[in-house]
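In what follows, a single structure is set out as structure tokens and then discussed.
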Amino acid sequence: MLMDRNTPIAVDDLQLWTANPRIDPVDTQLEAFREIYLQSGVNPEASRRAFRNLMDSISSKGFENEAEPVLVQKTGMGFEVRDGNRRVSALKCLLHPQAYREVLDADDYSFVLGCREAHPEYIADSIVVTMYGDSREESAVLDDLLVRKHNGPQDGAGTVQWSHKAKQRFNEAHGAPEDFSSQLEAPFDEAFGQTLTSYLGGTKSRSTTKRLFSSKVAKNYLDIEDPAHPTSDELEKTKELADELKDMADERHLVLSRLNSGDLKEAIERISDAHSAQPDITDSQTVGDALQGSKDEEFRIPRHSSLFKQLRYLGGKWNLNDYRIDDPEFDSLNLMLSGLADRGLITNDNDKCLRRMAILAPSCRVFFELASSIVERQPSFRERAAPVEKGGTLSLKERVGRIQQLIREDRFITFLSSRGVLSTSYNSCKKVIANTDFAAEADMSNETSHGSIANVQIETIKNMFNNAVLFSYICEHLVKYMTPDTQGK
């Protein structure tokens, strides 16, 4: 035999192949790791993402070496990995993350630490490899194997990849079931308009989603009998856990990937404590009363309800993507609107809810300020709006009042209804705008930004945010209405 198919070897004794064709030639082991980490994909970001996914797979399932054995050649320099460098690099990184800290992105370094803490039992310090000697004969055999493996079909002499249909047949007949969190993705998307992974932060969070939600701790807590077909209550419970984890990461100024099983247990405890120990706040309370723990009737809305977004998010009544105009001129305003949509949840945890209101209430004024400033920059607005006395300075209430006069014009309301903003009905649009005193709401927002909100009713704060969001979107459409290429010129 030219090789030993079952040679156990310590991972620390394995050397990456510095002449690996997958990367540019390098001189050191750290440079080889850097190239594999950053240059193994179509671009550095794709390469990093793939490397994270590989580390996640190894740390959660163990090092897989049967389907594609790691090929190693013993040379005068040591044991050099000729095939399987990415897997060995990932395993080395999991074993000794500190050694690669200068190479890893900060988020990826945090991710590695999380993987180590979550599944230390799966991170092997030695593996079984297929070993080749450094004789000319064995080198030729190894080189021939690498050519056949990596240079395509070669008219049948090389590796012939399965077709899509072949892969489909195999998966149908032998495919392993999806993990717990993967089965939740589709029903979560159907219930809430985005997958669980997207809700936690997008494709970059795929590994984190699987690590947290497929863990034994999460599965025991969620207690979902059929994750491919969860009930609405089970989905609500899943989303509540996701919200708690996002809040925890925000509070600690961490990326979500840094959270570990201990944090997951703490998040579950916080949810349980909030449900069992505290009554919900009600809109009729002032913030001060709520802080003193006044007990009023419960106010709970199922998260899967269509009313949840409207009633349990500050500004949620009107904060709809359909109303948003994608234009660089509105970027700052839209950033705040999307931030409110993402972080404006009024939770069932009284303390957390009140803290959130206390920190967000002063920001309501900024919506009126930004939206007004955008409108006021338009030359056509200065032509249409009521004149300002020379040298005079207007309050925020007066500035919003000038804009309010324009948005109550019949032609503009017709313009809004034709675009389906607020409603496709002219009368419905007119009723909403006529019944909302944006100038007064702006004045209220100005007061809350400069003083205590202890004596302000929670309902007042909610209405103020709803009207600030409504004013913001109306102003975006007012700008378009006033530009020369629209019907409102």
Side-chain angles (χ1 to χ4, degrees), residues 283 286-288 314-319 323-325 329-330 332-337 339-340 344 357-413 415-416 421-422 429-482 488:
D283 289 354
T286 65
V287 174
L314 291 175
K317 182 176 182 180
W318 301 110
N319 205 353
Y323 295 165
R324 192 170 303 164
I325 297 178
E329 187 166 24
F330 309 132
S332 296
L333 184 57
N334 285 338
L335 181 61
M336 289 197 63
L337 289 164
L340 189 62
M357 281 194 173
I359 197 67
L360 288 179
S363 71
C364 191
R365 174 180 181 272
V366 182
F367 288 97
F368 287 106
E369 283 275 7
L370 278 176
S372 297
S373 297
I374 292 170
V375 173
E376 289 166 344
R377 287 199 299 266
Q378 310 305 314
S380 53
F381 171 74
R382 293 192 289 271
E383 296 171 2
R384 295 166 182 256
V388 179
E389 184 178 337
K390 188 174 182 180
T393 301
L394 299 180
S395 66
L396 179 61
K397 179 180 181 180
E398 291 169 329
R399 292 168 60 198
V400 172
R402 294 174 76 217
I403 297 172
Q404 183 169 268
Q405 291 176 5
L406 294 183
I407 65 179
R408 287 181 171 175
E409 292 180 357
D410 286 345
R411 290 183 65 190
F412 177 62
I413 295 174
F415 177 80
L416 284 180
V421 180
L422 310 187
C429 283
K430 184 170 184 176
K431 183 177 180 180
V432 170
I433 292 174
N435 291 339
T436 306
D437 189 345
F438 294 108
E441 294 292 329
D443 194 40
M444 170 65 74
S445 74
N446 193 48
E447 290 180 13
T448 58
S449 70
H450 292 97
S452 170
I453 65 168
N455 295 320
V456 181
Q457 284 195 341
I458 291 168
E459 181 180 15
T460 301
I461 295 176
K462 287 184 176 181
N463 288 337
M464 184 173 66
F465 270 99
N466 281 330
N467 291 324
V469 168
L470 176 59
F471 181 74
S472 298
Y473 284 131
I474 287 177
C475 282
E476 290 189 7
H477 288 275
L478 179 62
V479 169
K480 291 301 179 183
Y481 169 78
M482 292 189 298

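One-based numbering along the sequence shown.
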**Spacing of Ile403 atom CD1 and Phe381 atom CZ [to the nearest 0.5 Å]** = 5.0 Å
**Request:** Of all the heavy-atom pairs spanning Ile413 and Arg408, show the shortest one and how long it is.
**Result:** CD1-O, 3.7 Å
**Request:** Would you sort out whether Lys430 and Asp410 count as a side-chain contact (heavy atoms from CB on, under 4.5 Å), showing the intermediate values?
**Result:** CA-CA 8 Å; Lys430 184 170 184 176; Asp410 286 345; 3.5 Å; yes
**Request:** Using a 4.5 Å cut-off on heavy atoms from C-beta on, say whether the side chain of Phe412 contacts that of Leu478.
**Result:** yes
**Asked** Under 4.5 Å between any side-chain heavy atoms of Glu476 and Val421, yes or no?
**Response** no
**Request:** Output the distance between atom CG (Leu422) and atom CG (Leu470), rounded to the nearest 0.5 Å.
**Result:** 5.5 Å
**Message:** Rounded at 0.5 Å granularity, tell me how far CG in Leu360 sits from OG1 in Thr448.
**Reply:** 11.0 Å
**Item:** Beyond-backbone contact of Val432 with Trp318, side-chain heavy atoms, under 4.5 angstrom
**Value:** yes
**Asked** Which heavy-atom pair separates Leu340 from Gly315 by the least distance, and what is that distance?
**Response** CD2-CA, 4.3 Å
**Asked** If we only count heavy atoms from C-beta on, is the Glu383 to Met482 side-chain gap below 4.5 Å?
**Response** no
**Request:** Search all heavy atoms of Ser372 against all heavy atoms of Val400 and return the closest pair with its distance.
**Result:** OG-CG2, 3.5 Å
**Request:** Might you work through the side-chain contact (heavy atoms from CB on, under 4.5 Å) test for Ser363 and Phe465, ending with a clear yes or no?
**Result:** CA-CA 9 Å; Ser363 71; Phe465 270 99; 4.2 Å; yes
**Asked** Which pairs, with at least one residue in residues 432-443 and sequence neighbours excluded, count as a salt bridge (Lys or Arg N to Asp or Glu O under 4.0 Å)?
**Response** none
**Item:** Verdict with supporting geometry, Ser445 and Leu396, side-chain contact (heavy atoms from CB on, under 4.5 Å)
**Value:** CA-CA 9 Å; Ser445 74; Leu396 179 61; 4.2 Å; yes
**Request:** Write down the atom of Ser472, the atom of Ala468, and the distance for their closest heavy-atom approach.
**Result:** OG-O, 2.8 Å
**Request:** To the nearest 0.5 Å, tell me how far Ile374 CD1 sits from Cys475 SG.
**Result:** 8.0 Å
**Item:** By side-chain hydrogen bond (donor to acceptor under 3.5 Å, both in side chains) - contacts of Glu376 (at least two apart)
**Value:** Arg399
**Message:** Within this structure, what is the OH-CD1 distance for the pair Tyr481 and Ile474, rounded to the nearest 0.5 Å?
**Reply:** 13.5 Å
**Prompt:** Can you find a pair of side-chain heavy atoms, one from Asn463 and one from Met444, that are under 4.5 Å apart?
**Reply:** no
**Request:** Can you measure from CZ (Arg384) to CD (Gln405) and round to the nearest 0.5 angstrom?
**Result:** 13.5 Å
**Request:** Could you tell me which non-hydrogen atom of Met336 sits nearest to which non-hydrogen atom of Leu370, and how far apart they are?
**Result:** SD-CD1, 3.6 Å
**Prompt:** Do Tyr473 and Asn319 come close enough that some side-chain heavy atom pair is under 4.5 Å?
**Reply:** yes
**Lys397: partners by salt bridge (charged side-chain N to carboxylate O under 4.0 Å, His left out), with sequence neighbours left out** = none
**Asked** Just wondering, do Glu447 and Met464 contact through their side chains at under 4.5 Å, heavy atoms?
**Response** no
**Request:** State, to 0.1 Å, how close Gly316 and Asn466 come at their nearest heavy-atom pair, and which atoms those are.
**Result:** N-OD1, 3.4 Å
**Request:** Could you list the residues that satisfy side-chain hydrogen bond (donor to acceptor under 3.5 Å, both in side chains) with Ser332, not counting sequence neighbours?
**Result:** none
**Prompt:** Which pairs count as ring pair (Phe, Tyr, Trp, His ring centres under 6.0 Å) when at least one residue sits in residues 358-378, sequence neighbours excluded?
**Reply:** Phe368-Phe471
**Request:** Determine yes or no for a side-chain-to-main-chain donor-acceptor pair under 3.5 angstrom, with Gln378 supplying the side chain and Val479 the backbone.
**Result:** no
**Request:** Could I get the full list of ring pair (Phe, Tyr, Trp, His ring centres under 6.0 Å) partners for Phe330, not counting sequence neighbours?
**Result:** none
